[in-house]
**Student:** 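Submitted below is the structure of interest, expressed as structure tokens.
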Amino acid sequence: MAWGLKEAGQEPWCSCSTNSDPTCPSARPPPLPPTHPTSSLIAMATRVLQTTGGRMEMSSSSSSTAGGRTEMSSSSSSSTTITTSSSKTRKVSQTQTSKIMDEQSVQRKTSAVVESFSQSQKSLEIPSGESMPDFEEKPRPITVQEGDKAAFRVKVTGNPKPTVTWQRVSGQPLSDATKTFFDSINKQYVLKIKAINMEDADVYKCIISNTHGDAIYSISLLVTENTALEYKKKLKKRTAPATRMVKKVVTEEEMLKILSGAERKDYERICAENGFTDFRGILKKLKEMKKKVDVEMVKVLKPLEDITTKPDTHVIFDTILELKDPNTKMLWMKGSELLRIQYSLGKYELKQMGTKYMLNISNVTMEDIGTYTLLVGDKTLSAKLNVIDEPLKFMSDLKPMRVTERQTAVFEVRLNKKTDKPLVWKFKGKELKRDDKMDVTVSEDGLTYILKIKDVRASDTGDYTMSLGDLNATAPLFIDRIPIKFASHLKNVRVKEKGKARLECEMSSKDVHIRWLKDGRDITNDPRYTFMREGKRAEIVIDDCDLADSGEYAIVCTQDNDAHEYVSSSNLTVEERFATVKSGLSDMHCPTGSETEMCVVLNDEKVEGVWLKDGKEVDMSDVQVVKQGAVHKLIFKKVGPQHEGKYTFRSKGAESEAVLAIADPPVIDPNVLELLAANPITVKAGQTAHIKIPFKGKPMPKVTWFKDGIEMTVDERTEVEREPDSTTLVLSKCVREDSGAIMLRLKSDCGTAIANLHLNVIGESHYWRVCGNHPTKQCAQNRPKPPQRVEFLERTGKCITMKWKAPRDNGGKQMTGFVIERRAVGKKSWIKVGEVDSKTTSFSNDKVEEGKAYQYRIRAINTEGMSDALETEEVFAGDPIEPPGMASQPQIADVTKDAITVTWAPPAEDGGAPVLGYIVERRKKGSSMWVPVNKELVQDTKYTVDGLVEDMEYEFRVTSVNRAGPGSPSSTSTSVIAKDPIRAPGMVKDLHVTDSSNSSISLGWSPPELGDVPSGYILEVRPEDAKEWTKCTKIPITGTNYTVGGLQERMKYFFRIRAVNEGGIGEPIELDKGVLAMPPPAAPKFDLHAKLKNQMVVRAGMALCIHVNFTGSPPPVVTWLKEGIPTKGREAITKGKKHSQFLISSSNRSDTRRVPRAPAQRLRRDFPRPPKNLQVVEEVPGTVTLHWDHTPDLTDDTNTHYIILKRDASTATWFTAADRVYSKKYTVTGLLPGRKYYFRVIARNDIGDSDPLDTKEQFSIAKEKEHMSLQIREYKAKDLSLKPQFVLPLKDHAVRTGHDCTMSCAFLGSPPPQAGWYKGDIKISDGPRFWQSTANGVCTLTIPTCNAKDSGDYTLVLENPLGKAQCKCSLLIFDKDDKSILDRLIEARKGKHLL
């Protein structure tokens, strides 16, 4: 029905010809009473529009019509649209209580939606940079149910900053439940109303003002009745009836009106109150009546149209609808399946532009073919989508490529559509794989396939083939070679004869072929030359050059696919070699038959020479010529007379001469020597003695005669005759004094020979005795001369042994013996200590005192008497004892904070007695007082001094001690501080590369685990082409990372590192392989070691922080998506090269992302409520069983569980008895008899813990009684037989392909039942593919490595003699990218929740 006002103040008109008939569908509605709330709201909205200007559209209904329309207009140019929609009907009570039952009427409340805006300017001119106030985000009208809450939000702009106020158009003040505030996070001004009632329905104004103007935005708040609240209000207001009232009979038409405005759950109660018994009939009529109304709620202006498109395009189904209720629900269907837009990941998208409604389908595939249906109200709009699949073909040909060597070649081909077929690139029949050289990529649209060949070489030349199913394309790759350049050419070389010549060069590439030429002749295969090739370097080596090797040498380089020859040449000059004598020959004298050599050393080892003897070339038959470098030798194996002569060595520029002569040492015949020693020569006094001794020797030796060790000189009586083979000593007129030992010595440069003999002169001797002034000749007795030259063989504390020589003259008589006497030093008297015969010339005196000095004398005896005495010098019995010498300077061997170990060496002199020990002393540095540190003598040469003061500096010295006493102290040791030593650090751990670029490489490492803490690290680097390590820094690095800069691009470097401290330098650790100075390209990749949780639960108002680590080079672009849409708004996103953080400082429910599960599921965002009704029962002695009622939050949150705690009554500390308990019963064990306990149960979820539920009274554990009597009754066996039954049935499973699946259930049964597993109707218990086990009341079936064939229904059958039971479950196998499984799981869980 349409009705309206043509002008203000006119009566409403009807669209039909007559309106007197009350049954006319276009009948004029009765005028609303002035007190009706709808009437007042319309009037209020009219006033708003009259002040702002505009038109209003209004819809209402009477008791007999479904709705109407009112149009109001004014002359203002601006307009505002106000839409009023009907709400639910309710009973309206009259003001008179007594007429409630009699005059009860049903009215439909009409609501109006108001939205208007106005703006006024105060300033005529607005300065630059300032502005009038305006709304950046405008509020929207709100319709809420009574008892709910509502909020208006605005965001304003303006300079100066405007002020914001809220008002009600009706003039009433804001209610107490209304609160205004500024949301600093979202920068919004908020008007919030809690617990809305009917009186809060009004038009609200938001006024913003500054110095330049005002802006006003008006919106309506509509409140619909809550039947439940209204009914409760009526119950509260109901009083006992005073009198029995007669209930008015309600007609069927009135009942339909009442039910049309009531909720469905109240239908039965309303019919019962009004006496309607035909409940089903009235509901059927009500449904038909609503259909008629609904038909008129949707008007289709443009239907859906069929679309035909190609794959990988975007299509839009659009329709134009006129909806009476903008909140009408719309459902899009594909075939008979509902489209789940929010779970489509952007596949489907709904859009609305005014009355135009669109469904956008992205990336159309063949699977999208079908009929799409829009359900809105009772309208059903359908259209078909047809996808034409074109045959796969190339949009562009694979073109031949020509690139320069070492560049990148790119083959590119484009298809007309996407395909899932694998693309294969081949080269020379072999499939190309993606690696460092080959890069196979696909464009973002999936249509262009690209093959990149990096760093192309000559070997990459050829045909490249791309195969895609039946499609093939081939194109050749041509490579232009880089011209060969000589980094270093051959250089002219000048060498001496017999020298080594080396010609080398370096090319720009190592992939070349080379030939060597000499004076234009190819010598590549000539064995005279040595050719060497290493990388880009090539060289030729000529050993032992001669003059013929001079000439021009050239190297000719060629390369594949290049006809040019690249030549480099140089000249070799060989100079004649001359030498000088560095060490010449010298004259030689050699014994006959000996081996000798003559040697010449030149200054050049390459020069040859020749040997000459007496001007002629040496006969090589009995000599050997040897050349060792610059040394030339002439070797004689056995020298003979034939070898004597003058030898000459000649070479270019050098000559040396020497003479070789025979030189034999003098030799006396051994028989002659033996004869002379056995038979002394005896002559009489006055006669001449001739002593002749023959010998051999060349050259003539020097002859010397000795008597009693004194050289004899030629005089009147003595003459020496010399001949080539003998010598003669002639003594004339011999006298007794000539008797004695005669020795002949023959000496030459070759050796010495000696002959000894004894000469005896016998006969009387006279001596002159002077008596006064006249000498007289006397005849003396033939007494012997005194002994000669005493020598002490032994001088110890126990024995003195001496030896002497017989007298030179025995007096002409045979010697009979010797007498030995002694006296102590300082004494005058001599004591005879022994006597020996004439043949013994030694004596041992064993009766001596150690360390005492003695003097001895010896006399010779013959038959004529005793000789004069031979007195010795003072001699000690053993060495004289003195204090020992100084020990060596003490050395510091070990140092700790409370002890120091010193070592020393024994003294060089022990003073004549063994060292008994040592005294060790210490002093503080700077002090003069020495303190001994040992009470007893130290026997060793090492001692540890303890009891020191930490960080004090000490000095040490050592004194040696023997029987004579202590010696002199040693020199002072170096000062040392008493503190613990610092150990050298161990080996550095985990040396690795953290980053790299074209000019730098960053390294990191971990400190060593062994040794003391390092003070720094020595990092060394070595390029690939170098052998020596170079320090990266002058001083040690203090941190555990360092960036080495200044590197050559694409050069490989090796690194090693050592830790260092005061104790020394640790062992080096080296990287396993070299590192290239270039940034490593890497695709973006998330750090899987720090996985995000699949679900994050955050309490409303708390911060939501998601931190993600990733890698990639170059740094990837980071985009955060929420349900497939980039986020924007309140979040703060921090982006780095390797991480990103998503932060919402104060989260709310709108930030929730729905988990793809059953729609009824929602995330709990508060602490759980505590359990209730805790009961304690002691079922078994020593244990307590707790029973309680579940927390109400357990059904909504599967992560909620219980924590069981216990506390001894004597302490205040709670101890956890059990964690993660999901049942409402738990048995606490481990309780001590005689103790009293309290128990506590706490519910816990992801947010936190609930309030605790404690036992009100302490529970006592009874003690076992000491005396107990036990009466055993006769045991009667109980029948425990039980039919099989399931305690915990099987559950449905969804498993990804390739994973294992395990099904299990719990059962009871006695005797134990036999288990049988079935898939469908086929028994699989005995199948080798499945693993099953039955033990302790649990049956388990494991399916390893599931595939699609394993999907289906599985049944477990348990059977024993009492019966059988069975249980079923379903197994669903899905792929990783299978999206359909998501919807199936959601539907399955939705059904469970509905149950």
Side-chain angles (χ1 to χ4, degrees), residues 491-503 528-530 539-550 572-667 696-702 745-753:
K491 297 181 180 180
N492 294 335
V493 177
R494 184 181 295 272
V495 297
K496 291 185 178 181
E497 189 180 5
K498 297 298 180 181
K500 177 186 285 188
R502 185 187 300 272
L503 303 174
R528 171 75 178 86
Y529 306 94
T530 302
E539 62 179 335
I540 180 174
V541 179
I542 309 170
D543 296 321
D544 297 331
C545 293
D546 54 28
L547 298 179
D549 291 324
S550 299
L572 171 62
T573 303
V574 181
E575 298 177 345
E576 191 174 1
R577 183 182 296 274
F578 294 94
T580 59
V581 177
K582 190 174 181 181
S583 176
L585 298 175
S586 59
D587 294 342
M588 301 182 64
H589 297 80
C590 302
T592 302
S594 64
E595 182 179 357
T596 187
E597 64 181 24
M598 303 183 79
C599 180
V600 177
V601 180
L602 304 180
N603 66 340
D604 194 338
E605 63 181 13
K606 300 296 183 180
V607 176
E608 301 290 343
V610 62
W611 289 91
L612 304 175
K613 178 189 178 187
D614 299 329
K616 299 181 180 180
E617 191 171 352
V618 174
D619 183 7
M620 305 296 293
S621 60
D622 56 351
V623 296
Q624 181 181 1
V625 177
V626 177
K627 180 180 182 298
Q628 297 175 344
V631 180
H632 299 260
K633 293 182 180 181
L634 183 61
I635 301 175
F636 301 87
K637 295 292 184 180
K638 192 174 183 181
V639 178
Q642 72 275 13
H643 295 138
E644 288 186 306
K646 183 179 179 181
Y647 289 85
T648 304
F649 176 80
R650 290 178 183 176
S651 65
K652 289 184 179 180
E655 183 175 336
S656 181
E657 296 179 342
V659 176
L660 174 63
I662 300 297
D664 292 331
V667 177
K696 294 180 180 180
K698 191 178 182 180
M700 179 67 183
K702 180 181 178 183
R745 184 180 70 183
L746 303 175
K747 184 176 181 181
S748 68
D749 294 337
C750 300
T752 303

**Student:** What are the two closest non-hydrogen atoms of S651 and V607, and how far apart are they?
**Tutor:**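 Heavy-atom minimum between the residues: CB-CG1, 3.9 Å.
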**Student:** List for me each residue that meets salt bridge (charged side-chain N to carboxylate O under 4.0 Å, His left out) alongside K500, sequence neighbours excluded, and say none if there are none.
**Tutor:**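 Salt bridge (charged side-chain N to carboxylate O under 4.0 Å, His left out) list for K500, sorted by chain: D543.
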**Student:** K696 and D664: side-chain contact (heavy atoms from CB on, under 4.5 Å), yes or no, with the steps?
**Tutor:** CA-CA 8 Å; K696 294 180 180 180; D664 292 331; over 6 Å; no
**Student:** If you apply the rule side-chain contact (heavy atoms from CB on, under 4.5 Å), what do you find for Y529 with L503, and how did you get there?
**Tutor:** CA-CA 11 Å; Y529 306 94; L503 303 174; over 6 Å; no
**Student:** Please name the pair of heavy atoms, one in T596 and one in M588, separated by the smallest distance, quoted to 0.1 Å.
**Tutor:** OG1-CE, 2.8 Å
**Student:** CG/D604 to NZ/K496 distance, rounded to the nearest 0.5 angstrom?
**Tutor:** 6.5 Å
**Student:** Can you label the angle between the F636 ring and the Y647 ring as parallel, tilted or perpendicular, going by 30° and 60°?
**Tutor:** perpendicular
**Student:** Less than 4.0 Å between a side-chain N and a carboxylate O, is that true for D549 and R528?
**Tutor:** yes
**Student:** Mark yes or no for whether K638, through its side chain, and D622, through its backbone, hold a donor-acceptor pair below 3.5 Å.
**Tutor:**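 Flag not set: sc K638 to bb D622 has no pair under 3.5 Å.
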**Student:** Should the heavy atoms of other residues, nucleotides or ligands under 6.0 Å from CD of Q642 be counted, would the total exceed 12?
**Tutor:** yes
**Student:** Run the side-chain contact (heavy atoms from CB on, under 4.5 Å) test against S586 and tell me which residues pass, sequence neighbours left out.
**Tutor:**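 S586: no side-chain contact (heavy atoms from CB on, under 4.5 Å) contacts found.
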**Student:** Less than 4.5 Å apart, any side-chain heavy atom of T573 and any of N492?
**Tutor:**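 No, every pair of side-chain atoms sits at 4.5 Å or beyond.
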**Student:** Please report the shortest heavy-atom distance between G640 and I662, naming the atom on each side.
**Tutor:** O-CD1, 3.5 Å
**Student:** Residues two or more places apart in sequence or in another chain: which of them pass salt bridge (charged side-chain N to carboxylate O under 4.0 Å, His left out) with E575?
**Tutor:** R494
**Student:** Of all heavy-atom pairs between L585 and A658, which one has the smallest distance, and what is that distance?
**Tutor:** CB-CB, 3.4 Å
**Student:** Quick one: which of N603, V600, V601 gives a side-chain contact (heavy atoms from CB on, under 4.5 Å) with S583?
**Tutor:**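 For S583, the side-chain contact (heavy atoms from CB on, under 4.5 Å) test succeeds with only one of N603, V600, V601, which is V601.
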**Student:** Are V625 and V618 packed together at the side-chain level, in the sense that at least one heavy-atom pair is separated by less than 4.5 angstrom?
**Tutor:** no
**Student:** More than 12 heavy atoms of other residues, nucleotides or ligands under 6.0 Å from NZ of K702: yes or no?
**Tutor:**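 Open.
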**Student:** Looking at every heavy atom in both G609 and H632, which two are closest together, and how far apart are they?
**Tutor:**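 Heavy atoms only, the tightest pair is N-CE1, 4.2 Å.
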**Student:** To check you understand the geometry: which heavy-atom pair defines the closest contact between K652 and E497, and what is its length?
**Tutor:** NZ-OE1, 3.8 Å
**Student:** What I'd like to find out is whether the side chain of W611 reaches to under 4.5 Å of the side chain of M598, using heavy atoms alone.
**Tutor:**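 Of all side-chain heavy-atom pairs linking M598 with W611, at least one is under 4.5 Å.
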**Student:** Would you say that more than 12 heavy atoms from the other residues, nucleotides or ligands in this model lie under 6.0 Å from the NZ of K613, or not?
**Tutor:**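 Buried by this count: over 12 neighbours within 6.0 Å.
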**Student:** Less than 4.5 Å apart, any side-chain heavy atom of E617 and any of L612?
**Tutor:** yes
**Student:** Give, for atom NZ of K637 and atom NE2 of H643, the distance between the pair rounded to the nearest 0.5 Å.
**Tutor:**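 So the gap between those two atoms works out to 12.0 Å.
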**Student:** Under the criterion side-chain contact (heavy atoms from CB on, under 4.5 Å), I'd like the reasoning laid out for V623 against I635: C-alpha separation, chi angles, the key distance, then a yes or no.
**Tutor:** CA-CA 6 Å; V623 296; I635 301 175; over 6 Å; no
**Student:** In Å and rounded to the nearest 0.5 Å, what is the CG to CZ distance from L572 to R502?
**Tutor:** 13.0 Å
**Student:** Roughly how far, to the nearest 0.5 Å, is NZ of K627 from CD of E605?
**Tutor:** 6.5 Å
**Student:** If only atom types and distance count, is the side chain of S550 paired as donor or acceptor with the main-chain N or O of V574 below 3.5 Å?
**Tutor:** yes
**Student:** If you round to the nearest 0.5 Å, how far is NZ of K582 from CG of L602?
**Tutor:** 10.0 Å
**Student:** Verify, without hydrogens or angle tests, whether D587 (side chain) and V659 (backbone) share a donor-acceptor contact under 3.5 angstrom.
**Tutor:** yes
**Student:** Going from CG on L746 to OG1 on T752, what distance comes out if it is rounded to the nearest 0.5 angstrom?
**Tutor:** 8.5 Å
**Student:** Evaluate the side-chain proximity of T648 to E655: yes if any heavy-atom separation is below 4.5 Å, no if none is.
**Tutor:** yes
**Student:** Without swapping roles, check the side chain of D614 against the backbone of G645 for a donor-acceptor pair under 3.5 Å.
**Tutor:**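 Not confirmed, D614 side chain does not pair with G645 backbone.
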